[in-house]
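The figures that follow rest on heavy atoms only: side chains count, while hydrogens, waters and symmetry mates do not. Every value quoted in this text rests on a predicted model; they were computed, and no experiment measured them. Chain letters run A, B, ... following the sequence lines, proteins first, then strands; residues in each count from 1.
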There are 4 protein chains.
Amino acid sequence: MSQTIVPPRPVAVPVDAPVRSTMPTTMRALVKHHAGPELKFVSDRPVPTPGPRDVLIRVKKAGICGTDRHIWEWDAWAAGRIPVGIVTGHEFVGVIEQVGSAVTKYQPGQRVSAEGHISPMVGYNARTGNAHIARDMVILGVDRDGVFADYVSVPEDNVWPVHPSIPDKVAAVLDPLGNAVHTVMSAGVSAKTVLVTGVGIIGLMAVTVAKAAGASRIYAVDIDPKRLALAKKLGAVEAYSAKDAGWVEAIRKETRGDGPDVLLEMSGAPSAIDAGFSALRFGGTAALLGIPSRPYPFDLTSHIVFKGATVLGINGRRMFETWYQMEELLLSGRLELDEIITHEIPLEDFAKGFRLMQTGEGIKVVLNVS
Amino acid sequence: MSQTIVPPRPVAVPVDAPVRSTMPTTMRALVKHHAGPELKFVSDRPVPTPGPRDVLIRVKKAGICGTDRHIWEWDAWAAGRIPVGIVTGHEFVGVIEQVGSAVTKYQPGQRVSAEGHISPMVGYNARTGNAHIARDMVILGVDRDGVFADYVSVPEDNVWPVHPSIPDKVAAVLDPLGNAVHTVMSAGVSAKTVLVTGVGIIGLMAVTVAKAAGASRIYAVDIDPKRLALAKKLGAVEAYSAKDAGWVEAIRKETRGDGPDVLLEMSGAPSAIDAGFSALRFGGTAALLGIPSRPYPFDLTSHIVFKGATVLGINGRRMFETWYQMEELLLSGRLELDEIITHEIPLEDFAKGFRLMQTGEGIKVVLNVS
Amino acid sequence: MSQTIVPPRPVAVPVDAPVRSTMPTTMRALVKHHAGPELKFVSDRPVPTPGPRDVLIRVKKAGICGTDRHIWEWDAWAAGRIPVGIVTGHEFVGVIEQVGSAVTKYQPGQRVSAEGHISPMVGYNARTGNAHIARDMVILGVDRDGVFADYVSVPEDNVWPVHPSIPDKVAAVLDPLGNAVHTVMSAGVSAKTVLVTGVGIIGLMAVTVAKAAGASRIYAVDIDPKRLALAKKLGAVEAYSAKDAGWVEAIRKETRGDGPDVLLEMSGAPSAIDAGFSALRFGGTAALLGIPSRPYPFDLTSHIVFKGATVLGINGRRMFETWYQMEELLLSGRLELDEIITHEIPLEDFAKGFRLMQTGEGIKVVLNVS
Amino acid sequence: MSQTIVPPRPVAVPVDAPVRSTMPTTMRALVKHHAGPELKFVSDRPVPTPGPRDVLIRVKKAGICGTDRHIWEWDAWAAGRIPVGIVTGHEFVGVIEQVGSAVTKYQPGQRVSAEGHISPMVGYNARTGNAHIARDMVILGVDRDGVFADYVSVPEDNVWPVHPSIPDKVAAVLDPLGNAVHTVMSAGVSAKTVLVTGVGIIGLMAVTVAKAAGASRIYAVDIDPKRLALAKKLGAVEAYSAKDAGWVEAIRKETRGDGPDVLLEMSGAPSAIDAGFSALRFGGTAALLGIPSRPYPFDLTSHIVFKGATVLGINGRRMFETWYQMEELLLSGRLELDEIITHEIPLEDFAKGFRLMQTGEGIKVVLNVS
């Protein structure tokens, strides 16, 4: 017969028991208080009211992202994008406090994180598993109130329940870890040689993710000797200083004379991008997460066309394929994040947190909110 | 810099103007009135009340599916699955009449169809673009009230706005056309030779879809000479009777001695499945939509393992990648559906509609509801 | 049991009967006779002697490629690459005249073309189905004697037997047609909207190939009104002048406001590349065949990273997947090449052939050799 | 400009220095001497004479495969396939002793293994990177003289140069390891949960390969407690006895209630295949290497169609993509083969070798030839 009989349905998974609490009306928050540098700590910000399809989350821990640093420093990008007055921050873990009237999937008491790309969920990408690049996206802590606060309200569709075995400290940085996982998994590294150009926060995460995801041999390039040393510790077989001219040749020699199968570009630096493409083998794959601050003379002919390269632009992380992959990688026990998450400090010490990032003393800094 | 600056947002697309109407409280419907054959026409069914995230749609046209015929005939499958009392039917086009209080994407007056697989949208498949095979799925007109009625209520997430250039008659059968499109697009037919085993409703659709999607040469096999003749008209270069023993050899000869690149299995008949796999070239792809009514001795060793075959199980249609593909194929002007949609009859003549299907006189029969 | 029993073997396909001939010792040829413009016609070039694994082919027809025009005009690239004294040309069809002592697959009398990328077949790409981008490649008519001559010797591994139903005129241009097919098939166009930027020879071929391969709607952009008119004739639903600023917006409007799913870049012009990427939808695929003559300021951030684009560098054509795809597309009867192959002229009139290309009066010009 | 300028060529890699030797005319070999069980050791087999495109290899070590055991035991398959009189064996490592007159890629003295699937390299699969399933394949030690001998002659195209860091013991079993690698890499296991049904030689290899290739969590099922214990040692997080009815439910519970993402079927046992498909999550991928000895009632409807599964038939190993992947996995240092290759014994003790396999005391047994 033709396919006119429908398959049986698997059984639902039970949700955790609900937990209710008495809610305050105001809260602590880090606010972009003026069109200039730094953030202001306030303690009388009204607690947000969730809409019918939103959940209100009590924030436990929140990571400081490079984006937050741009907002802190009020550079040209921040000045052109950020509405003065918003609460910043978008990396976090917390506990659901309230759910909107039309929410069906979650209950108070669940420990969750959330995807910070908030989409009206209309149009091609939103409806085909690519909501991370959907139209009319707004971003938590960038375009609307974020997570450097006691409470944040996000749409139900953005919530991610955190696996019990993942500690809060790690759950607070699933957003940037997701950038690394999306880059690595898009490129496909299983049984391949991998070059990571730029081992800042996400580049370092990419090293441990690539190793856990089955890369055979990983090479790292950067200008910072401390980060290079850490990259080796996390699994790179070699770590080269970008200042040594010979590194492209050295990597090629290691990889059958062909060059690495995969380039994970995490620096955004034109010189690193160009050298990375030069190193890449003919027919290889480059996944680009780093963003050059402006257009620069790029050799499409040699780097992409003649090379027969596959180049993947990586934006955010897939909703929610990347999150599932990330959970699996964490459950494998093979991700090493302890030396990447260098500091946990109280929310009130936020100024110190930004300073740690600016000096390079800290890599990933997490704010303890509650 | 690292990826800490977020991309600009594209602009929203405006929604059609709302249209309000005075609603009746009862409606006409075809109801599975008892645990036995046939359906009962009633005119006093209460109009459904949409929940906060549902839309209420006034049905214009509805297609009769093979599933509906199983329900009509009350076979073993139907007796085991269908709750007595429900309104049946799941293929349709209509106009939104009301929207629930938490609906944000649609407005009354929009012409829409809807995906009939209704998911709570939790779990891996639902959250990764594969809601069509998600857990806890219920099906419109099978597990809950369907579309053989003046009104139907469906979740906002299931609604599909119909492109203005697609006529109602075609919009009413997007569901089965989607089965054909999902099968063809999963297999990938561009510049490939394709064998379709079984040219019933969906098999015939698969012929015209495969041609529009770029199959180089299509071969059809069936036992019904009328359907085979129609398959040739729709684009098959050859149509073989399954009763002629030599057809596998004939197709192989046409295809470099290798056999076709792709098998689209639409019959569910063991003999056709086996012959189709025998014909398939080493390393080819088989997409299986037809369902054998019970397990039978299948030669996994020859048909899949040694052949190095890729076999794809096709269930429903992807939400909503298949729907976008279908819209594009319809906009290309290359799909020929006129001779597949053989009859349009008033809702009240439903008994005739089922008879047309049972005798084979009709292929796809559409009920005009309003 | 485990997989320790091996599969049965299919039967061999018989080869055409051999045809022997008495061979001359000299032949006609177009030679790059000096380090300057034009080619010289000679009639006393020694006929090449095939090595043990080579076949000697009597050339019937040969196409003039843009590369040949660079060699004719002796531009900077040609001056840096072409060894003075070689016979040029690499697109052709002919008949096997002799086979080397260790040749096992072909016999004299077979009508064949050949892939012009000649590889020692060592190393990763050569051994994994990607010989088209393998190391140590040399190119027929560029690095060693080519096909603008009565005879050419090529390795057995490069020979492509031409299907009997493909006329000589078409068989002579399988090389550039293969560029178009490789570009289209790499991008994947089935049920997708496609933008072709640049409709020169290969761009025009890409339009008819994309249509045959199942693209739903094709848009073409160029500066030449005659080529744009031909693009529409070959299947583009719209053809825009690159000089009209509004074309990006116009295409986006046609494609749900998203932009086309696929960009086939065939111009190598920075302005067209940039506009093409601007038009491409978020998450779309760009296949780049055109080559900018030098690096230029390219916006990796907007065009690739934020867009979540997949970018494919296209070099030559796959050996021999593209050739099989091309044969299938030709057998489908859907490729329209008659208005692309504008001229067939005798070998001796080669100067006229190059003039036809330079003036734009001709598109693809074929030399009749024997 | 259009793509008419060809890319620069990378530089060739030098070959090891040649080593010549005085050749004997006869050699030791294990011969299938009659149409019945066992093999006969002979010491006067003529040394094979390589053809113009063949290389003659002096065998150092050779693995005993399950296929060899079928030949030894002279079961129905062997009686129907094996020509009496041939030298058996196909897994090996050795040193090139002589090269044919038309050989260009190798030189005497190189340490090599070889792919045992020998193809005339004609037809679709042979020419598109899928020679492992090409037509007219013959198999070393099955259809023509094999490697249980001092010397073997194989076509140049089949030779695989062994990386210096891979020990002979491992190089001798690249053939079955390649089965495991092909299965794992075809399925794609990076960041996925994986179920291996059947942990015989190749199943055990699949466990260590899947872990090295990035599987997040691996589950093994078998009936042999010793093999299950070894599977856990090699990386399985759980190993279930196939005799315990509850294992499907136990695995599903471990994997979000969905079931594992990937099934690697290595047993060929109908009950294991069925249970494996039952466990597999909706939309998962099953790679089938194990071969049922005959067709059996298989539930295509539940296991493939409704499940939306992707099923991959795995035959041999890809030439030579799998070999490169295998080399990378070995170079990663993450493959654990020491407890899988249980015995190394002299060629003359071959009878003991077969006995070790038959009793299950040995897993992989390697014969030391020279």
query = Looking at G333(B), A210(B), A215(B), which has the largest count of heavy-atom pairs under 4.5 Å with chain C?
reply = A215(B)
inquiry  = Which residues in residues 319-332 of chain B have any heavy atom closer than 4.5 Å to a heavy atom of chain C?
reply    = Y324(B), Q325(B), E327(B), E328(B), L329(B), L331(B), S332(B)
ask   = What about the rings of F306(B) and F282(B), do their centers lie closer together than 6.0 Å?
value = no
inquiry  = Less than 4.5 Å to any heavy atom of chain B: does that hold for the side chain of A212(C), its backbone, both, or neither?
reply    = backbone
inquiry  = Let's go through E238(B) and R217(B) carefully: what are the C-alpha distance in whole Å and the side-chain angles of both, what is the deciding distance for salt bridge (Lys or Arg N to Asp or Glu O under 4.0 Å) to 0.1 Å, and is it a yes or a no?
reply    = CA-CA 9 Å; E238(B) 287 298 339; R217(B) 291 177 292 157; over 6 Å; no
note = Here the gap from L195(B) atom CG to R281(B) atom CZ, rounded to the nearest 0.5 Å, amounts to 13.0 Å
key: For A239(C) against L228(C), the heavy-atom pair lying closest together   = CB-O, 3.5 Å
Flag, side chain of T193(C) to backbone of T255(C), donor-acceptor distance under 3.5 Å = no
query = How many angstroms lie between CG in N315(C) and CG in L289(C), if you round to the nearest 0.5 Å?
reply = 8.5 Å
ask   = Less than 4.0 Å between a side-chain N and a carboxylate O, is that true for E336(C) and K211(C)?
value = no
